[in-house]
Each structure stands twice: as structure tokens, then as C-alpha cells.
A.B. asks: 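Structure incoming, see below.
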Amino acid sequence: MGAGEEDAAAAWEKVEAKEERIMVSVRVRPLNGRESGDSSDRECISPTTVMFRSTVPDRAMFPTAYTYDRVFGPNCSTRQVYEEGAKEVALSVVSGINSSVFAYGQTSSGKTYTMTGITEYIVMDIYDYIEKHPEREFMLKFSAIELYNEAVRDLLSHDTTPLRLLDDPEKGTIVEKLTEETLRDKDHLRDLLGMCEAQREIGETALNEASSRSHQILRLTIESSVKQYLGRSKSSTLVSCVNFVDLAGSERASQTASAGMRLKEGSHIN
């Protein structure tokens, strides 16, 4: 076995099978302009605990403190949320480990804002990793879909025809005819992210002027091989993907003053 093949084998040995785990972080955003004058009933009392201070009588029996893997207060930046809450999970993709980062919460809680920042930071770190490992050949592929009113749409195509979900015996569930772009560089990816943002369904509600009305899933697939032995052995190739999932916010029609199309969207979102 040559030196390059030994290095590839060692890389695979490092990608050990580990128990799957979901890490849960909570970000508490500051009050916005519409909430000025109000007081927050949630307080971050430690890096892992949120205190809920409710004055509603029927919630007196509920727990007042909730513990998570990490809690970020109103003064925390998106960069800090990424570094301490998502970086390790997302960067595992360069070692051949599949991972997902997703945001869930009430409408107008800042999910899209946070996920946009996290996606940009992980892209910069992945390209930084590539530049520091010239001994390997990398190929990055990108795809994006949204789930709007129970229909799957390709965000990298101007064709709004819903796509079909198919069951593949080897790959599992796949999206038929989904566009997958091979990336040239980080600027190319930024252009594609801008295209997704422009095509995603948004609308105004009583709680948010630009509310996401669909669930969005961005997927970045990374293939890497030792340059010296590229194409000679499949054992030297790592293939993995990281998913960025921005769920539309859960909502109550009474809070968002939804009617007509907004009410229909809300029912599918929930």
C-alpha cells in the first residue's frame, strides 16, 4: 500500500461510527420595535438554562427553568451562536460525517436571520479548510428546496412546478429532477444563496413584515479524494453532506391576524 493510500485509509479510520446525537441550543432575541415597552418573561440565567417567569395563573404548575446544551442571550451575536452552537457539528462534514443544522421556533423569533448567518460562516470555514489541505481534491455541490403548502419546489430553478419525492432502495428518499449545482468558489455559492432568498415564499403578518411562509432546506455535499490517487480507489474518497434547515415559524391565527391565503399557509406550516 502506497503512502497516499495509507493516508486515505487513516482518514477513514478517524471517521469512527458514533452514537447519533441531537444538540439543542436556544437563542433569545432582543425585543423589537413592535415590542418596545414590553418586558420579556424569559431570562437566560446561565449558559445552559432559561428561566420562564409567567404571571398567568394556569401556567403556575409548569416548570420555571429549562436546561439545554447551550443558551444564548439577547446580547449574543450570530457569530457566537455559530462558534459555540453549530460549528463543530457543521464542520464534521469535511471528515465524511453527515450533519444537519436546523432552526425551529415561533414566527418572528429570528430563525431565518440566524440560519443565514450560520450558513455564511460555515461556508467560509469549509473553504478555509480546503485551502489548508492542498493534498486533497474537493468537489462541492449545492441544492435547495422549499416546502410550501405541502408542495416541494426547487429554489435553484425558475420553474415552479412541484417536484415529486421518490423512494430509492440505496439512497432513501430523493427529490426527482432537483437541480444540483457544482460550485466554482464561495462567490458562486453566495450568488446561489441570494437566488434562494429571492425565490422563497414570504409574506406580511401582524407579527412580521417578511415572514417565511415555507420550510427551506439547503444541502451542501462535499466529495474529497487524495490527489495522487484520484480515481484509482473508491476507498480514498469521502462523500458527505450538511443540511441547513430553516423551518417556517409556528403561529396562531389569532396572533398573526391571518386570513385567506395567510391562514391556509399557517395551517400547512403547523
Side-chain angles (χ1 to χ4, degrees), residues 20 22 86 89-105 107 111-112 114-123 126-127 138-203 210-225 234 237-250 261 264-270:
E20 292 187 2
I22 297 178
V89 174
L91 268 185
S92 63
V93 69
V94 297
S95 300
I97 300 175
N98 295 327
S99 62
S100 295
V101 179
F102 68 91
Y104 168 80
T107 186
K111 297 180 300 302
T112 298
T114 299
M115 285 302 298
T116 299
I118 286 177
T119 303
E120 292 176 353
Y121 289 133
I122 184 58
V123 167
I126 286 175
Y127 274 100
F138 289 87
M139 178 182 292
L140 276 64
K141 299 178 181 179
F142 178 76
S143 61
I145 63 173
E146 74 167 354
L147 181 60
Y148 176 65
N149 286 349
E150 302 300 313
V152 179
R153 292 182 54 223
D154 187 345
L155 289 175
L156 297 183
S157 171
H158 294 292
D159 184 356
T160 59
T161 304
L163 304 181
R164 292 197 306 162
L165 298 179
L166 304 177
D167 289 324
D168 185 281
E170 296 183 358
K171 299 180 181 179
T173 303
I174 60 174
V175 182
E176 186 182 36
K177 298 180 181 180
L178 178 63
T179 303
E180 188 173 51
E181 291 276 356
T182 299
L183 300 178
R184 298 186 299 271
D185 49 38
K186 64 180 71 175
D187 290 331
H188 183 200
L189 180 54
R190 288 195 184 99
D191 291 340
L192 294 177
L193 290 173
M195 181 178 180
C196 295
E197 182 179 359
Q199 296 218 103
R200 188 177 181 186
E201 290 288 343
I202 61 172
S211 173
S212 300
R213 311 308 296 166
S214 67
H215 306 304
Q216 176 182 263
I217 303 176
L218 310 179
R219 168 170 288 190
L220 185 62
T221 301
I222 299 179
E223 300 179 15
S224 68
S225 304
K234 291 184 179 179
T237 301
L238 294 175
V239 181
S240 53
C241 64
V242 55
N243 299 298
F244 300 96
V245 185
D246 180 18
L247 299 175
S250 58
M261 179 57 70
K264 177 184 177 181
E265 292 169 344
S267 66
H268 285 304
I269 288 171
N270 293 335

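Remember, predicted model here, so these are calculated numbers, not experimental data.
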A.B. asks: Identify, with sequence neighbours excluded, every residue that meets side-chain hydrogen bond (donor to acceptor under 3.5 Å, both in side chains) alongside Ser100.
C.D. replies: Asn243

A.B. asks: List for me each residue that meets salt bridge (Lys or Arg N to Asp or Glu O under 4.0 Å) alongside Glu170, sequence neighbours excluded, and say none if there are none.
C.D. replies: none

A.B. asks: Would you check if Ile126 and Leu220 make a side-chain contact, meaning some heavy-atom pair closer than 4.5 Å?
C.D. replies: yes

A.B. asks: Run the side-chain contact (heavy atoms from CB on, under 4.5 Å) test against Glu181 and tell me which residues pass, sequence neighbours left out.
C.D. replies: Leu156, Thr179, His188, Leu192

A.B. asks: Taking only residues two or more places apart in sequence or in another chain, which ones pass ring pair (Phe, Tyr, Trp, His ring centres under 6.0 Å) with Tyr121?
C.D. replies: Tyr82

A.B. asks: Under the side-chain contact (heavy atoms from CB on, under 4.5 Å) test, which residues partner Ser240, sequence neighbours left out?
C.D. replies: Val93, Asn98

A.B. asks: Ignoring hydrogens and angles, state whether a donor on the side chain of Ser157 or Asp159 is under 3.5 Å from an acceptor on the partner side chain.
C.D. replies: no

A.B. asks: Who pairs with Glu146 by side-chain contact (heavy atoms from CB on, under 4.5 Å), at least two apart in sequence or on another chain?
C.D. replies: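 Applying side-chain contact (heavy atoms from CB on, under 4.5 Å) to Glu146 gives Tyr148, Arg153, Leu155, Arg200, Glu201, Ser214.
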
A.B. asks: Quick one: side-chain hydrogen bond (donor to acceptor under 3.5 Å, both in side chains) partners of Asp187, sequence neighbours excluded?
C.D. replies: Arg190

A.B. asks: Report yes if some heavy atom in the side chain of Val242 is under 4.5 Å from a heavy atom in the side chain of Ile222; otherwise report no.
C.D. replies: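 With C-beta onward as the side chain, the pair stays apart.
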
A.B. asks: With a cut-off of 6.0 Å (strictly less than), are more than 12 heavy atoms of other residues, nucleotides or ligands near OH of Tyr127?
C.D. replies: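 Yes, OH of Tyr127 has more than 12 neighbouring heavy atoms, counting only those of other groups under 6.0 Å.
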
A.B. asks: Taking only residues two or more places apart in sequence, or in another chain, which ones meet Asp185 in a salt bridge (Lys or Arg N to Asp or Glu O under 4.0 Å)?
C.D. replies: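 So Asp185 forms no salt bridge (Lys or Arg N to Asp or Glu O under 4.0 Å) with any residue.
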
A.B. asks: Name all residues meeting the side-chain hydrogen bond (donor to acceptor under 3.5 Å, both in side chains) criterion together with Thr160; count only those two or more places apart in sequence or in a different chain, and write none if there are none.
C.D. replies: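 Not a single residue meets the side-chain hydrogen bond (donor to acceptor under 3.5 Å, both in side chains) criterion with Thr160.
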
A.B. asks: Can you tell me how far CD1 of Ile145 sits from CG of Leu163, rounded to the nearest 0.5 angstrom?
C.D. replies: 8.0 Å

A.B. asks: Should His215 and Ile217 count as side-chain neighbours, where that means a heavy-atom distance under 4.5 Å?
C.D. replies: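 Not in contact.
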
A.B. asks: Are any non-hydrogen side-chain atoms of Lys177 and Arg164 less than 4.5 angstrom apart?
C.D. replies: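 Lys177 does not reach Arg164 side chain to side chain.
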
A.B. asks: Is there side-chain contact between Thr221 and Glu180, with heavy atoms separated by less than 4.5 Å?
C.D. replies: yes

A.B. asks: Can you list the residues that meet the salt bridge (Lys or Arg N to Asp or Glu O under 4.0 Å) rule with Lys141, with sequence neighbours excluded?
C.D. replies: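 Residues passing salt bridge (Lys or Arg N to Asp or Glu O under 4.0 Å) with Lys141: Glu223.
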
A.B. asks: List in chain and number order the residues that pass side-chain contact (heavy atoms from CB on, under 4.5 Å) with Ile22, two or more places apart in sequence or in another chain; answer none if no residue qualifies.
C.D. replies: Val24

